[in-house]
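Presented below is the structure to which this report refers.
This structure is a prediction, so every number in the text was calculated from the model and none was measured. In what follows, residues are counted from 1 in the order of the sequence shown.
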Amino acid sequence: MSEAEFAARLVRDLDAKDVCLVLDVFRNDVLRLTGVLEAAAAMGDVTNFRRTSHALAGAAGAVGAQAFERACRQAMTRADLQPGELAATAAEIRRCGESALVQAATLQASLARP
């Protein structure tokens, strides 16, 4: 299912207020967890980095942010991920997360219109 199809399904299955609530939770989770991810990267903490990537992947999956979810899942499952690669990987995850946040904001704005 594409991201657009997932968004349409959310809107069909939930009222606009609930969709906005889900998207607000998503935004807050992404902002908080990308900070945790970057802190883990700065400390070279691969275990916490993977754990946080897993949490971000779950948040992304809940709203159908497929590219963001893929980037997070890739980071959490790479067996060869080294501490020196964490900062670049976190930056890519942040980029994907920011894109997902823009899409979520666009959906929210469309729901706010009469």
Side-chain angles (χ1 to χ4, degrees):
M1 176 181 321
S2 74
E3 289 178 2
E5 291 168 330
F6 193 91
R9 183 175 172 187
L10 264 180
V11 171
R12 185 185 68 235
D13 292 347
L14 301 171
D15 66 29
K17 179 182 164 191
D18 289 338
V19 172
C20 288
L21 178 63
V22 167
L23 295 175
D24 284 342
V25 169
F26 172 68
R27 184 188 72 246
N28 291 334
D29 284 349
V30 170
L31 295 174
R32 179 178 54 82
L33 290 170
T34 53
V36 172
L37 189 75
E38 289 168 342
M43 293 185 293
D45 184 348
V46 175
T47 300
N48 196 34
F49 189 89
R50 283 195 175 110
R51 187 176 298 123
T52 306
S53 296
H54 183 265
L56 282 165
V63 298
Q66 296 172 352
F68 184 35
E69 182 182 12
R70 267 191 310 277
C72 295
R73 291 203 182 282
Q74 209 170 34
M76 71 183 222
T77 59
R78 266 193 56 204
D80 64 339
L81 190 61
Q82 299 297 312
E85 299 172 280
L86 297 181
T89 304
E92 175 62 15
I93 289 172
R94 176 175 282 286
R95 187 191 64 73
C96 291
E98 288 171 350
S99 177
L101 290 175
V102 168
Q103 292 173 354
T106 300
L107 176 58
Q108 274 187 302
S110 74
L111 294 172
R113 291 187 202 128

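Hydrophobic clustering keeps Val36 apart from Val46 (ILVMFWY residues linked when any side-chain heavy atoms are closer than 4.5 Å, directly or through intermediates). Hydrophobic clustering places Leu33 together with Leu31 (ILVMFWY residues linked when any side-chain heavy atoms are closer than 4.5 Å, directly or through intermediates). No single ILVMFWY cluster, assembled from side-chain heavy atoms under 4.5 Å apart, contains both Val63 and Leu21.
Residues meeting the salt bridge (charged side-chain N to carboxylate O under 4.0 Å, His left out) test with Arg95, sequence neighbours left out: Glu92. Residues forming a salt bridge (charged side-chain N to carboxylate O under 4.0 Å, His left out) with Asp24 (at least two apart in sequence, or on another chain): Arg27.
The only option from Leu101, Leu107, Asp18 that meets the side-chain contact (heavy atoms from CB on, under 4.5 Å) definition with Leu23 turns out to be Leu107.
Across every non-hydrogen atom of Cys72 and Ser53, the tightest pair is CB-O, 3.4 Å. The heavy-atom pair separating Ala100 from Ala65 by the smallest distance is CB-CB, 3.8 Å. Between Phe26 and Ala59 the shortest heavy-atom distance is CD1-O, 3.5 Å. Here the closest non-hydrogen pair linking Ala57 and Glu69 is O-CG, 3.6 Å. When all heavy atoms of Ala75 and Leu81 are compared, the pair lying nearest together is O-CD2, 3.5 Å.
One distance of note links CZ of Arg50 with OG1 of Thr77; it measures 8.0 Å at 0.5 Å rounding. Considering CG of Leu37 and CD1 of Ile93, their distance stands at 5.0 Å, rounded to 0.5 Å. To the nearest 0.5 Å, atoms CE (Met76) and OG1 (Thr89) are separated by 14.0 Å.
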Taking it one step at a time, do Arg9 and Glu5 satisfy salt bridge (charged side-chain N to carboxylate O under 4.0 Å, His left out)?
CA-CA 6 Å; Arg9 183 175 172 187; Glu5 291 168 330; over 6 Å; no
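A donor-acceptor contact shorter than 3.5 Å is absent between the side chain of Thr52 and the backbone of Phe49. Within the 3.5 Å criterion, the main-chain N or O of Cys20 finds a donor-acceptor partner in the side chain of Gln108.
Residues Arg70 and Gln74 have side chains not in contact (no heavy-atom distance under 4.5 Å, counting atoms from C-beta outward).
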